[in-house]
Structure formats: structure tokens, C-alpha cells
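One structure below.
In this text the structure is predicted, and so the values were computed from the model without any measurement. Worth knowing before you read on, the calculation uses all heavy atoms, side chains too, and leaves out hydrogens, waters and symmetry mates.
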2 protein chains.
Amino acid sequence: MTTVATASRREPLSRERVLREAIRLADDGGIDALTMRRLAQQLGVEPMSIYYHVRGKDAVVTGALDLVFEDVARRAAAATTPPPSSWREHLRARILAAREVLVQHPWAPRALESRGTMTPAFAAWVDTNVAVMRSGGLSWDLIHHAMHTLGSRQFGFSQELILDDPQGADGEPDPTAAAELGRLMPNVQAMLRDVVHDDEVGTLGWCDDRTEFEFALDILLEGLERRAG
Amino acid sequence: MTTVATASRREPLSRERVLREAIRLADDGGIDALTMRRLAQQLGVEPMSIYYHVRGKDAVVTGALDLVFEDVARRAAAATTPPPSSWREHLRARILAAREVLVQHPWAPRALESRGTMTPAFAAWVDTNVAVMRSGGLSWDLIHHAMHTLGSRQFGFSQELILDDPQGADGEPDPTAAAELGRLMPNVQAMLRDVVHDDEVGTLGWCDDRTEFEFALDILLEGLERRAG
DNA sequence: ACCTGAACACCGTTCAAGT
DNA sequence: ACCTGAACACCGTTCAAGT
């Protein structure tokens, strides 16, 4: 419903327009769906036209990531006004805000990791996290450990593995696959039987939902706080 | 110095030989260096010959991952005979053993994540981790949380970001990049000045070394143990 | 049973050219 | 200033064919 919802080839190309469309492509079809040629097609333009506005594919991905992290920063700022009184609550709120945004762009964490790239918005994000801990009185040394400890979680996501889904590709429950699970992972199967809701049985409960995310985050924050005091 | 060190086109192709060479390619040049065409060339064979032994590129990567996790299992078994008395020490030893192997194959964690794929050896790895916790008396529910909490760390790696390296590409220290760091990340810079050794100044200390890995791992295990007791 | 060759549908990107 | 077209060096894979 926005002005660029359909690729009306009216307005001229621009860096911003290229990057926004790149985000949409990756959101819809995963990072592999983001190719220069498809991007051009989506923008109603020849592939090479993009290169006038952006240096190459690398710059497209980096630029898209930067836009996403601008969004993260905005959301975090909103979630922390007025600022929580403890560093722990402050950091916690920031990280959960990041998560809310990045859940919308599942390709972004992976792209960030696999490129190890720095963008201004991302740099600012990390730096503010450090500042929050520092003004909470943590030593530089502990802050350094904390950065490692929180790892990618400080960027609002945890690495989850989607394991075999015993549902067949057609969506039908696959008894063969369930048996296969029991053969390969008897203990995991026992765990799932106990933990997972009935209507989820057959699917591995590898769900990166907010509860699990907070469970781990709180253990980490608790451990850091203990070492700070 | 092994028999297959140089691609002597003497011995016939085999699934095993294909997968071993795939691991070597990825180890040397990263996952992007692993292409079917290069793999064939390395094996002294035409690209299409590989398809007789392996279904396609996906199967190559999956198969290579499986071999790596067989190695992980061997290393972990050796590190836990005789088995440590507490579940916490047992799990800890397994995870650190996994790390030792996966540090040699940095592409493997990423490939595992980005494909969300299951292989027999990997399934067995996860399942045994569950078994260790269960025989330590943890509830299924807590074990389930634990799997989420440990996340990719239970596979021996943590997600680390290699941030901008202020060294220029030619290896010369780049004062512009250092200034850039200070501008974008003043707090991070302050932290690094305090924490990082002198000869590392200018480089971000985002080092996934064993100390940092254990620091975080122990916080997590400690938090889980507290919730178990 | 095992390997090949030609061909297809894709990539990102360079370079010279159009308006 | 902004966009295009042809071309190049790569991909993974299908399919029919060789030995």
C-alpha cells in the first residue's frame, strides 16, 4: 500500500529505492532471492542501471543491513524512554527491541554474520550497548567479556537450527519421518513428547520464540551481574 | 602427505573421496570456494562425474558436514572416557571437544545453520547431549530450555562478528581507520584500549578464543544448574 | 558400472555506448 | 547525469551419449 508497492517505473532510481526493494526481496524469498538481475527486474530497470547508484551487490547488502539497523535503533530508543534505572534492564529492553525488528528480516542476522561487515548504524548499536554497561558501573574488562558472552544475542537474535521437519513437503504428517526421528534421536523424541503441545507433536520444538530467547538472555544477564557485584 | 594429497587421478572416484576433497576445499578457501566445477578439477575429473557418486551440491555439503560431526563425536568420546561424574562437567567436556574440531572447519557451523539440515552424525550428537542432561536428573522441560539456551554453543562454536579491521588490506596500520573507529564507536574504542594488548591495538578484540568461549559457557551452565537444583 | 560433452538457465560485473 | 546492451567468466544441473 505504500507508493512503491508495485514497481511503477515512474519515479527515478535512487540508492534508497534500490535498498528498500532489496530488503523486500530478501524478506520475501530469503537472501538467495536477492540477485542484481531480479532486483533490476523488480525495479523495472536494466540490471546495469543499479550500478550507477550502488557500487555492487556487496554494497546493496551492506546498505540494506544499515537501513535495518537504523530501524532497530529507532525501536530501541522508543523502548527505553525514559531510560530504565538499571543497566541490566536497560540492556535487556534494547536487545528485546532489536529482536522485534530482526524477526521481520530473518536474512539480516545471517548476512551480518557471514560478511562480518560493519555499517554505521550497526556500529552505533554496538557502541551504545557498551555505553549502557559502562554507565552501569561495569569494568571495561567485564564489558569485554559481556560482548563475547551475549554474542549474537545482543543483536536480538539467537542462532537456531531448524531440524528435520517430519511433516512431508506436502504438509501431510509423515509417520516414516517420525520413526526416523525416534531411531536417530530417541532422547530428543522423549523430550519433545513431554514438552511440546499435542498439535505440535511430530515437529521438533526448535522454535526460537520470545520465551526461549528471554530465558537464555536472563541467565546471561544474571551471570554478568553476579560477576559485576 | 596422505595418499590423496595431490590429485593423482589414479584411484577411482568415490563418495568418500568427493566429500574429503570438498572438506579440504572449504577449509582452504571458505564455503564459496566449494563449487562442483572446482571440486571436479581438484579430483582430476569432469564436473558431471561427481553426480554419479553424489546427488548434487546439497548432498556434497550435507555429506561433508556429516563427516565433520563424526570427527566431533570421536573427539568427544575420547575426552569423556571415563565419563565425568556430573552432567555439567560431562556436557562441558563434550562441548569443548566439539569446539576443537570445528575450529578447524570454520565453514561448517555456518553451513549447518544456513541449511538447517540434519545429518545422522549431527543428530546423534544432539541426542547424546540430551541423554547426558537427562541422566544428570534434569527435567525434560529444563532440558528443552537448555537446548535453546546453549544454542549453537552446544555445537562448539559461538557466533562471532569480525568487525572492521583497521589494518589496511596491505597489513599496514591505517590511522584513518583507527580514527574512524573512534568516531563511530567511541565507547568500544575505550574498552579496547583498556582490554586489548598493546600490539593488538587498532584491531577490534572480537576474538572467539577459548577463554571467551568458556566464560560464556560457564555462565550458561551455572544458570542451568541453579534452575535444576 | 562409471565417466563424459554439449547445452541450458542462471549469476555478478566490465566496458563502451547511448540519451 | 542517468540508463542501456553486448559480452565475459563464472555457476549448478539435465540429458543423451560414450566406454
Side-chain angles (χ1 to χ4, degrees), chain A residues 3-4 6-65 107 110-111 114-117 169, chain B residues 3-4 6-65 107 110-111 114-117 169:
Chain A
T3 45
V4 280
T6 51
S8 66
R9 79 191 63 73
R10 216 80 288 267
E11 61 264 89
L13 218 45
S14 71
R15 195 183 132 83
E16 170 93 11
R17 228 158 80 70
V18 168
L19 299 182
R20 290 283 168 212
E21 191 61 45
I23 290 177
R24 195 163 348 173
L25 270 177
D27 284 353
D28 288 356
I31 195 71
D32 285 343
L34 171 52
T35 70
M36 296 302 271
R37 294 177 121 106
R38 254 196 285 241
L39 191 49
Q41 184 186 314
Q42 208 63 218
L43 291 161
V45 113
E46 295 303 309
M48 286 314 109
S49 307
I50 296 171
Y51 286 77
Y52 183 79
H53 300 273
V54 148
R55 201 156 58 269
K57 185 173 185 183
D58 236 53
V60 170
V61 179
T62 305
L65 279 174
W107 52 274
R110 219 190 289 298
S114 66
R115 323 179 70 252
T117 233
Chain B
T3 45
V4 282
T6 52
S8 66
R9 79 191 64 74
R10 215 79 291 263
E11 61 264 89
L13 217 46
S14 72
R15 195 184 132 82
E16 170 94 11
R17 229 159 79 69
V18 168
L19 299 183
R20 290 283 168 212
E21 190 59 45
I23 290 177
R24 194 163 348 174
L25 270 177
D27 284 353
D28 289 356
I31 194 73
D32 286 342
L34 171 52
T35 71
M36 296 301 271
R37 295 178 121 105
R38 254 196 284 241
L39 191 48
Q41 185 186 312
Q42 209 62 218
L43 291 162
V45 112
E46 294 303 307
M48 285 314 107
S49 308
I50 297 171
Y51 286 77
Y52 183 78
H53 300 272
V54 148
R55 199 158 59 272
K57 185 171 186 185
D58 237 54
V60 170
V61 179
T62 305
L65 279 173
W107 53 275
R110 220 191 288 297
S114 67
R115 324 178 69 254
T117 231

Nearest 0.5 Å, please: how far is OG1 in A/Thr35 from CD in A/Gln41? 8.5 Å

Base, sugar-phosphate, or nothing: which does A/Arg55 touch, judged by heavy atoms less than 4.0 Å apart? nothing

The first and last nucleotides of DNA chain D lying within contact of chain B, meaning any atom under 4.0 Å from one of its heavy atoms, run from D/dC11 to D/dT14

Numerically ordered, the residues 25-36 of chain A set in heavy-atom contact under 4.0 Å with DNA chain D is none

Set of residues satisfying side-chain contact (heavy atoms from CB on, under 4.5 Å) with respect to A/Glu46, sequence neighbours excluded: A/Ser49

For DNA chain D, the dot-bracket pattern of Watson-Crick and G-U pairs whose distances stay under 3.5 Å, | for other-strand partners: ||.|||||...|||||.||

A/Pro47 or A/Arg37, whichever maps to the more 5' nucleotide of DNA chain D: A/Pro47

Residues at least two apart in sequence or cross-chain that pass side-chain contact (heavy atoms from CB on, under 4.5 Å) with B/Tyr51, listed by chain then number, are B/Met36, B/Met48

Excluding sequence neighbours, so at least two apart, what forms side-chain contact (heavy atoms from CB on, under 4.5 Å) with A/Arg55? A/Ala59

Separation between CG (A/Leu65) and CD1 (A/Ile23), nearest 0.5 Å, reads 8.5 Å

CD1 of B/Ile50 to CG of B/Leu39, rounded to nearest 0.5 Å, is 4.0 Å

How long is the span from the CZ atom in B/Arg20 to the CD atom in B/Glu16, to the nearest 0.5 Å? 4.5 Å

State which residues pass side chain to side chain donor-acceptor pair (under 3.5 Å) with B/Thr62; sequence neighbours excluded, sorted by chain then number. B/Arg115

Minimum heavy-atom separation for B/Ala111 and B/Val61, please, with both atom names. CB-CG1, 4.2 Å

Do you know which two heavy atoms are closest between B/Leu34 and B/Lys57, and how far apart they sit? O-NZ, 3.0 Å

